[in-house]
Amino acid sequence: MAKNPEVVMVTGAAGFVGSFLIERLLALGHVVHGLDIAPLDAARNLEAVRAHPNFHYMQGDIRDRATIEAFFRPEAAVLYHLASVVGVRRYMEDPLSLIDIAIIGTRHLIALAVEHDVRILFTSTSEIYGRNPAVPWKEDDDRVLGATSVDRWSYAASKGVCEQMLYGVHRKTGLPFSIVRFFNVYGPRQTPIYVVSQTVQRVLNGVRPDLYDGGTQTRCLTYVEDAIEGVIAAATRPEAIGEVFNIGNSTENTMAEVVGMVLEAAGSDLEPVPIDTREKYGAVYEDIGRRVPAVGKAERLLGWKATTTAREGIAKTVAWARATPWYLALKP
Ligand SMILES: NC(=O)c1ccc[n+]([C@@H]2O[C@H](COP(=O)([O-])OP(=O)(O)OC[C@H]3O[C@@H](n4cnc5c(N)ncnc54)[C@H](O)[C@@H]3O)[C@@H](O)[C@H]2O)c1
């Protein structure tokens with residue numbers, strides 16, 4: 001079928017990244033078809049776009065083939081596939097659905113994309129590189145995953161299977177695809193169970209923030225609006241077809257610095273609570289000391305680079321959360 005460059009699909013539409021992506025796609029003039037397991041009424045992230053004439057929402061589960069068939073627009077130029085179980089705690093709670101949603105859901109979407117020749121953008125993760133100690137990680141670097149008895153690796157393993165399905169199907173059928181691997185994307189509306197979002201929510205509620213294992217681990221924090229521009233470039237540029245890209249800020253910050261920046265932006269003098277993760281979670285927990293993206297490929301092929309500093313992004317996130325009572329009241 002002839003493609004309509006204006007029409008796009010987004011799975012994981014009610015999520016944190018999905019909602020920012022949809023706002024941006026609508027602003028660019030697209031007709032957006034969004035799918036999420038969450039009911040639209042409950043999707044506060046979509047408040048700004050819910051009534052937009054070019055936005056169409058369907059509640060449904062990507063594990064269900066009939067749902068995906070009803071959702072799928074064969075004329076669409078791009079399918080942005082974001083739906084996933086996200087967050088260490090969530091996938092430790094429900095390991096079977098993590099794997100079903102990632103692998104069965106993605107498999108259904110790939111099959112329909114092949115049938116209708118629709119380009120796919122798949123959102124993967126920096127967790128793919130595991131604990132490879134040789135940072136910064138280039139896109140074709142080795143994955144160094146830990147033992148299967150450690151829960152956290154199921155997320156990286158399932159995203160890895162999805163990436164390999166895409167490569168395999170591309171080789172066999174020519175399906176156009178691109179993959180982005182996010183490095184700690186954060187910003188307004190993110191569920192408060194990740195380092196920045198949880199710290200912001202706690203501090204603004206006057207609760208002392210956690211600091212894991214001395215706070216020496218580093219992360220490269222990527223502000224959501226920066227990440228979105230990388231996603232759209234990866235999904236649309238011809239030179240991005242068949243390629244995977246790190247979407248991350250190249251600047252590392254320790255967790256102690258990040259917590260400090262939140263406290264500063266919030267004007268708070270709360271003392272962080274030191275947490276020993278081995279004591280709290282036991283041997284099924286394993287952290288990764290440093291996660292640093294090589295950013296040259298995204299710069300070269302996508303013309304994309306993160307530009308928001310952690311201090312600026314955290315300040316914006318704190319200002320938004322402070323003005324958003326429903327977010328402050330969320331029970332993570
Ligand atoms: N935020 C990050 O730092 C980060 C890092 C690495 C990768 N990612 C990836 O980016 C994507 C978006 O992440 P996010 O931060 O917006 O997470 P999120 O949890 O806010 O969004 C994920 C969305 O997927 C939906 N979903 C889950 N299961 C579904 C199903 N079976 N059918 C339909 N919808 C379903 C959820 O309801 C949710 O709205 C995910 O694929 C995630 O793995 C995010």
Side-chain angles (χ1 to χ4, degrees), residues 9-23 33-40 42-46 57-68 70-71 79-91 94 96-109 120-129 152 154-163 179-198 219-228 230-231 234-235 244-249 288 291 293 306 313 317 327 330 332:
M9 296 176 278
V10 178
T11 72
F16 159 58
V17 179
S19 64
F20 276 91
L21 177 63
I22 288 168
E23 283 178 15
H33 293 266
L35 177 77
D36 202 290
I37 203 165
L40 184 58
R44 298 200 95 133
N45 289 343
L46 294 173
Y57 187 83
M58 181 173 158
Q59 182 191 0
D61 187 333
I62 60 164
R63 286 169 288 193
D64 178 40
R65 170 86 189 203
T67 297
I68 302 287
F71 165 69
L79 164 63
Y80 290 89
H81 175 28
L82 281 67
S84 178
V85 174
V86 187
V88 181
R89 192 205 296 173
R90 284 188 183 158
Y91 55 80
D94 195 355
L96 289 186
S97 71
L98 161 75
I99 289 164
D100 283 357
I101 291 166
I103 297 174
I104 298 175
T106 302
R107 186 195 177 292
H108 288 328
L109 288 162
I120 288 198
L121 181 286
F122 179 67
T123 48
S124 188
T125 171
S126 59
E127 294 255 345
I128 281 276
Y129 301 102
R152 85 167 298 138
S154 60
Y155 179 62
S158 61
K159 288 280 189 183
V161 171
C162 295
E163 291 198 14
I179 296 167
V180 291
R181 295 184 183 144
F182 288 140
F183 283 70
N184 285 84
V185 178
Y186 73 100
R189 306 183 204 142
Q190 185 172 36
T191 311
I193 58 172
Y194 308 95
V195 58
V196 174
S197 55
Q198 184 179 73
R219 290 293 179 264
C220 293
L221 298 183
T222 312
Y223 189 63
V224 60
E225 286 176 343
D226 286 355
I228 293 307
V231 170
V244 53
F245 299 94
N246 289 336
I247 293 296
N249 201 323
I288 302 169
R291 289 197 216 161
T317 308
Y327 185 76
L330 280 183

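First listed ligand is number 1; within each ligand, the first listed atom is number 1.
- Every atom of ligand 1 is numbered from 1 in the order shown, and the set under 4.0 Å from a heavy atom of G12 is 23 (C), 24 (O).
- Of the N or O atoms in G15, one or more lie within a sub-3.5 Å distance of an N or O in ligand 1.
- Checked by distance only, ligand 1 and Y194 stay at 3.5 Å or farther apart across all their nitrogen or oxygen atoms.
- Under the side chain to side chain contact (heavy atoms under 4.5 Å, CB included) criterion, N246 pairs with Y129, E139, R181, F183, P293, A294, sequence neighbours left out.
- A ring-ring contact (aromatic ring centres under 6.0 Å, His included) with Y186 is found for one member of Y194, Y223, F16 and no other, namely Y223.
- Closest protein heavy atom to atom 36 (C) of ligand 1: D36 OD1, 3.5 Å.
- Looking at L82 next to ligand 1, an N or O pair under 3.5 Å apart turns up.
- When non-hydrogen atoms are compared, ligand 1 lies under 4.0 Å from neither the backbone nor the side chain of Y80.
- When each atom of ligand 1 is checked for a heavy atom of Q190 under 4.0 Å away, the hits are 1 (N).
- For S158 (side chain) and I99 (main-chain N/O), no donor-acceptor pair under 3.5 Å exists by modelled atom type.
- Annotation for ligand 1: atoms under 4.0 Å from non-hydrogen atoms of G60 are 32 (N), 33 (C).
- At under 3.5 Å, a nitrogen or oxygen of K159, whether backbone or side chain, sits near a nitrogen or oxygen of ligand 1.
- Distances below 4.0 Å separate heavy atoms of Y155 from the following atoms of ligand 1: 6 (C), 7 (C), 8 (N), 42 (C), 43 (O).
- In this comparison of F122, F182, Y186, the heavy atom closest to atom 44 (C) of ligand 1 sits on F182.
- Residue V185 places at least one N or O, backbone or side chain, under 3.5 Å from an N or O of ligand 1.
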